[in-house]
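Reviewing the structure listed below.
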Amino acid sequence: MSRLVVVSNRIAIPDNSKASAGGLAVGVLDALKTTGGLWFGWNGEISEISGEEDDELSVVEHDGITYASMPLNQNDYDLYYCQFSNAVLWPAFHYRIDLVDFQREAWEVYCQVNDLLAKRLKPLIKEDDVLWIHDYHLLPFAAALRKIGVNNRIGFFLHIPFPTPEIFNSLPTHQELLKMMCEYDLLGFQTEADRMAFVDNLKQQDLLEEIDEKTHRAYGNTFKTEVYPIGISPDSIKEMAEGPLPPKMAAMKKDLGDVQNIISCERLDYTKGLPERFLAFEALLENFPQHRGNVRYSQIAPTSRGDVLAYQDLRHQLEMEVGRINGKYGSLHSTPLFYLNQHFDRRLLMKLFRLTDVGLVTPLRDGMNLVAKEYVAAQNPEDPGVLVLSRFAGAANEMTAALIVNPYDRDEVAAALHQALNMPLEERISRYNEMMELLRKNDIAQWSKRYVEDLQAIPVRNSGHGAVAEHAAS
Ligand code: GDG
């Protein structure tokens with residue numbers, strides 16, 4: 001079996017702390033442990049470097065895996081990461097073209113950083129390696145490697161949605177991006193809708209030759225597209241969720257008495273539909289007055305991408321809404337809405353999920369949404385909570401036993417919350433069992449195994465390609 005090389009924008013370097021790894025890191029580590037391999041990417045630090053010097057690459061071995069990472073300089077961080085990745089691609093791919101702030105200089109730096117990372121990775125690649133590249137920061141990465149003569153099999157997985165042509169065409173560099181993506185040998189998506197959107201973009205440019213349903217030819221390259229819905233590790237989540245509660249949590253449970261609990265947790269991000277969710281909770285209290293004083297909604301939302309303006313605006317908006325709703329529906333002895341702009345320990349979070357009656361996961365658009373899956377896996381099988389899930393999360397394709405809602409329709413979400421809070425035990429167990437079966441069948445280990453096997457099965461490109469590309473680039 002070939003060695004696996006994983007490349008992602010950020011890499012999770014082991015620091016011997018007890019912190020548990022999140023979804024992507026678990027999947028990647030699982031795949032790397034099977035084949036032994038290399039994980040390469042940005043170490044999350046910003047320094048004064050140019051990125052060109054050999055000693056700026058740090059290489060450490062841990063548990064049979066090699067971690068190679070480098071810092072970014074301030075300009076690259078600002079333009080490649082904050083600007084082009086997170087203020088152009090992230091909003092556009094989540095259908096928020098109103099938030100796209102396209103600057104040509106940022107596009108150029110985005111491509112340059114991909115070129116730089118490719119150049120730094122190349123000496124570490126062996127002839128037989130297969131490369132698995134992750135996410136929207138690295139759309140041009142295969143093209144950057146091909147330019148410098150790397151012919152290895154290179155696969156890509158997009159963790160976020162892929163937009164339809166109407167949206168994608170609004171990006172001034174959409175054609176360049178499509179062309180670069182066609183340098184991959186295998187393009188993996190979270191859902192069939194995302195895969196089809198990518199194919200439709202190529203069709204619309206009149207570029208696509210279909211070899212079979214999922215094998216295509218464009219820009220002189222042959223490549224495959226496939227759907228790989230990312231999973232979780234249900235058993236490790238169950239293990240974290242069960243067992244004795246830490247004293248503060250046990251006291252909280254006691255204080256709550258008969259009050260029912262709704263929980264949500266995600267990075268503070270405008271794609272997650274937080275203001276809409278607050279309004280839906282307000283509609284629950286408005287439309288179903290019997291819940292007033294008897295239900296509490298806790299929203300955990302740690303800050304993410306705090307350097308990007310749209311995220312700062314969202315934070316202010318949420319702070320205002322919480323005050324308004326609590327002012328309207330709170331009393332001297334009850335606060336209906338708890339908003340915690342803090343990062344929680346993962347074990348604690350899973351225990352909290354298990355304590356609650358409803359998991360409210362209503363993003364406006366989401367590639368998959370691991371929280372939805374984690375919420376279900378954390379439940380007590382004998383007395384499970386109910387998942388209320390947005391139809392615009394990739395997870396809704398699989399988690400059909402959740403209460404599926406339109407996050408833009410606050411009355412519909414309120415009605416689903418009411419239904420969830422009143423759902424009989426038998427129905428809760430039946431829905432839980434149906435979802436758990438699926439979570440076990442397509443867990444994170446299966447996800448990475450399927451992807452890597454498919455990538456390994458692709459024939460290596462003809463050896464002339466790299467030489468030609470290298471010549472063209474010189
Ligand atoms: C992208 C795509 C896709 C959240 N808050 C805390 C915390 N989390 C953990 C959750 C979960 C992870 O972060 C978030 O994963 P999601 O899938 O929900 O969302 P994104 O971060 O947007 O991820 C998404 C995913 O990639 C994987 O392909 O599903 O669609 O957007 O694991 O539990 N963890 C801890 N404290 C927190 O406060 N410890």
Side-chain angles (χ1 to χ4, degrees), residues 190-191 193 229 231-232 234 237 241 259-266 271-292 294-300 336-337 350 352-442:
Q190 298 271 27
T191 67
I232 56 165
I237 287 175
V259 171
Q260 288 188 290
N261 271 285
I262 301 171
I263 187 121
S264 297
C265 172
E266 45 261 299
T271 62
K272 304 291 183 185
L274 298 177
E276 290 77 3
R277 203 178 296 173
F278 285 9
L279 295 179
F281 178 66
E282 183 182 20
L284 172 77
L285 300 178
E286 183 68 42
N287 302 350
F288 303 94
Q290 63 271 39
H291 293 299
R292 293 181 199 166
N294 296 317
V295 68
R296 174 158 133 188
Y297 162 29
S298 304
Q299 175 67 59
I300 297 169
L337 173 47
M350 298 307 137
L352 205 51
F353 283 177
R354 193 180 178 94
L355 276 185
T356 54
D357 303 281
V358 182
L360 181 57
V361 186
T362 49
L364 303 179
R365 205 161 282 273
D366 218 327
M368 177 53 58
N369 196 299
L370 296 178
V371 172
K373 295 186 169 185
E374 291 165 352
Y375 177 79
V376 172
Q379 295 310 301
N380 174 359
E382 275 142 39
D383 186 14
V386 180
L387 175 65
V388 175
L389 178 62
S390 162
R391 58 193 280 195
F392 302 120
N397 290 299
E398 297 171 276
M399 311 287 277
T400 49
L403 297 180
I404 305 290
V405 293
N406 175 356
Y408 294 96
D409 184 342
R410 70 182 74 149
D411 292 320
E412 186 189 317
V413 178
L417 284 173
H418 175 65
Q419 186 187 345
L421 291 165
N422 288 297
M423 191 178 284
L425 178 63
E426 202 180 322
E427 183 180 349
R428 283 189 277 127
I429 292 178
S430 149
R431 287 174 183 268
Y432 163 82
N433 284 336
E434 196 178 322
M435 290 189 275
M436 278 308 281
E437 197 181 320
L438 189 135
L439 291 179
R440 290 211 170 93
K441 206 165 119 199
N442 180 35

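Just so we're clear, the structure is a prediction, and the values are computed from it rather than from any experiment.
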[X] side chain to [Y] side chain, donor-acceptor N/O pair below 3.5 angstrom:
{"X": "Arg277", "Y": "Thr362", "result": "yes"}
{"X": "Asp366", "Y": "Asn369", "result": "yes"}
{"X": "Gln260", "Y": "Asn294", "result": "no"}
{"X": "Tyr297", "Y": "Gln299", "result": "yes"}

If the condition is side chain to side chain contact (heavy atoms under 4.5 Å, CB included), which residues does Gln290 pass it with, not counting sequence neighbours?
Phe288, His418

Output yes when Glu426 and Arg431 qualify as a salt bridge under the 4.0 Å nitrogen-oxygen rule, no when they do not.
no

For the pair Glu282 and Arg410, find out whether any cationic side-chain nitrogen is under 4.0 Å from an anionic carboxylate oxygen.
no

Side-chain donor or acceptor of Asn442 paired with backbone N/O of Pro229 under 3.5 Å
yes

If I compare all heavy atoms of Ala414 with all of Ala280, which pair ends up nearest, and what's the gap?
CB-O, 3.7 Å

Identify the two heavy atoms, one from Leu389 and one from Ala402, that lie closest to each other, and give their separation to 0.1 Å.
CB-CB, 4.0 Å

Got a sec, which pairs hit ring pair (Phe, Tyr, Trp, His ring centres under 6.0 Å) with one end in residues 366-391, sequence neighbours left out?
Phe353-Tyr375

Does the side-chain contact (heavy atoms from CB on, under 4.5 Å) test come out yes or no for Asn261 and Val358, once each step is laid out?
CA-CA 6 Å; Asn261 271 285; Val358 182; over 6 Å; no

Can you pull the side chain to side chain donor-acceptor pair (under 3.5 Å) pairs that have at least one residue in residues 380-392, sequence neighbours excluded?
Asp383-Arg428

Decide yes or no for Ile300 and Ile263: does some side-chain heavy atom of the first lie under 4.5 Å from some side-chain heavy atom of the second?
yes

